[in-house]
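Okay, structure first, notes after.
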Amino acid sequence: MKHSKLVVANWKMYLNIHESSLLVQRLDKKIHLHRNVEVVLAPNFLSLYSINQEIDKRKFRLAAQDGFFVDEGAYTGSVSFSQMRQLIDYSIIGHSERRRYFNEGLGEVRDKVAAAVRNQIIPILCVGETKKERALKETKQVLHDQIVTALSNLTSQDVLNLVIAYEPVWAIGSTEPATPSIIEEAVSWIRYQIRELYGSEAEESVRVIYGGSDEPEYVNAIMKVPGVDGLLVGRASLNYEHFSDIISRVHLVALSQENTKAEDS
Ligand code: PGA
């Protein structure tokens with residue numbers, strides 16, 4: 001199964017309902033419909049409903065930034081995947097800010113991934129090492145543990161649609177993304193984990209995207225890294241000019257890759 005490229009806008013805890021709506025209107029004017037790029041917006045819970053009413057569904061799909069792993073019950077302050085299933089196609093799960101500020105451990109991330117899948121929502125599972133873990137040469141172990149636990153309740157069929165975002169924690173909110181060689185090494189390790197667990201069909205079908213200081217000028221280099229299917233964009237997604245520029249660049253890379261493939265075959 002071959003998917004189009006995927007670009008996810010993580011608006012984090014920015015923008016109120018009005019500002020979210022304004023950003024969507026601006027993006028709608030700037031962004032063209034590209035058959036080879038899927039654009040997913042992840043507003044906060046508060047704005048999900050109104051944004052769902054407003055977007056052109058051919059151009060944009062929606063993601064939550066998180067969700068609770070129980071479908072319904074006495075859990076004050078939580079929103080479940082089952083409550084959001086009519087509104088979203090995707091959910092970011094296990095973002096490092098959740099792991100860090102909300103103490104989300106491996107088991108919680110696993111349960112959230114399972115809850116999303118149970119509700120027909122595609123998980124965008126975030127994995128990545130901290131600066132300290134990289135310095136201690138623990139990157140592979142960290143990625144292995146995060147992936148193996150998070151997917152432990154999924155069947156090989158569930159995994160075919162999955163998205164994994166490689167987000168080295170040290171590159172999030174930084175001045176530059178990770179280098180292409182660091183991204184390549186991590187992405188190939190991530191795909192290797194999937195192959196070991198679920199076989200080569202799953203390895204090929206899983207979409208692996210990169211997040212951490214994605215700005216327009218870095219898009220070409222990142223998108224050309226073998227095995228990278230897209231981007232998870234934080235800050236630059238709040239600026240409609242930068243984000244639409246990112247989408248056009250991803251589209252152009254996708255086009256040139258399609259042409260190369262056509263020439264080769
Ligand atoms: P950034 O955030 O693009 O602002 O670095 C990325 C993310 O946290 O998903």
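Throughout, residue positions are numbered sequentially from 1 according to the sequence presented. We count ligands from 1, going down the list as the structure has it; atoms in each ligand are counted the same way. Computed over heavy atoms, backbone and side chain alike; hydrogens, waters and symmetry mates excluded. Please read all numbers here as calculations on a predicted model, not as lab measurements.
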Exercise. Judged by non-hydrogen atoms, does G211 sit under 4.0 Å from ligand 1?
Worked result: no
Exercise. Are the side chain of D158 and the backbone N or O of T155 linked by a donor-acceptor pair below 3.5 Å?
Worked result: yes
Problem set entry | Residue N10 vicinity, atoms of ligand 1 by number, heavy atom under 4.0 Å | 9 (O)
Exercise. Side chains of D66 and H95: do they bring a donor and an acceptor to under 3.5 Å?
Worked result: no
Exercise. Got a sec, which residues hit salt bridge (Lys or Arg N to Asp or Glu O under 4.0 Å) with R99, two or more places apart in sequence or on another chain?
Worked result: none
Problem set entry | Whether Q146 side chain and L143 backbone form a donor-acceptor pair below 3.5 Å | no
Exercise. Under a single-linkage definition using a 4.5 Å side-chain heavy-atom cutoff for Ile, Leu, Val, Met, Phe, Trp and Tyr, are F243 and V8 assigned to the same hydrophobic cluster?
Worked result: no
For this session: Under 4.0 Å from a heavy atom of G212: give me the atoms of ligand 1 that qualify, with their elements.
Result: 5 (O)
Problem set entry | Region of I172 that comes within reach of ligand 1 [heavy atoms, distance under 4.0 Å] | both
For this session: Please say whether S174 places an N or O atom under 3.5 Å from an N or O atom belonging to ligand 1.
Result: no
Problem set entry | Close approach of K12 to ligand 1, heavy atoms, under 4.0 angstrom | yes
Exercise. So which protein heavy atom does atom 9 (O) of ligand 1 come closest to, and at what separation?
Worked result: E167 OE2, 2.7 Å
Problem set entry | Pairs meeting criterion side-chain hydrogen bond (donor to acceptor under 3.5 Å, both in side chains) with involvement of residues 114-129, two or more places apart | D71-R118, D71-N119, R85-N119, R85-Q120, E129-R134, E129-Y166, E129-W170
Exercise. Looking only at non-hydrogen atoms, which of S96, G234, G173, C126 approaches atom 5 (O) of ligand 1 most closely?
Worked result: G173
Exercise. What do you reckon, is CD of Q157 surrounded by more than 12 foreign heavy atoms closer than 6.0 Å?
Worked result: no
Seminar exercise, completed: atom 4 (O) of ligand 1 has as its nearest protein heavy atom R235 NE, 2.8 Å
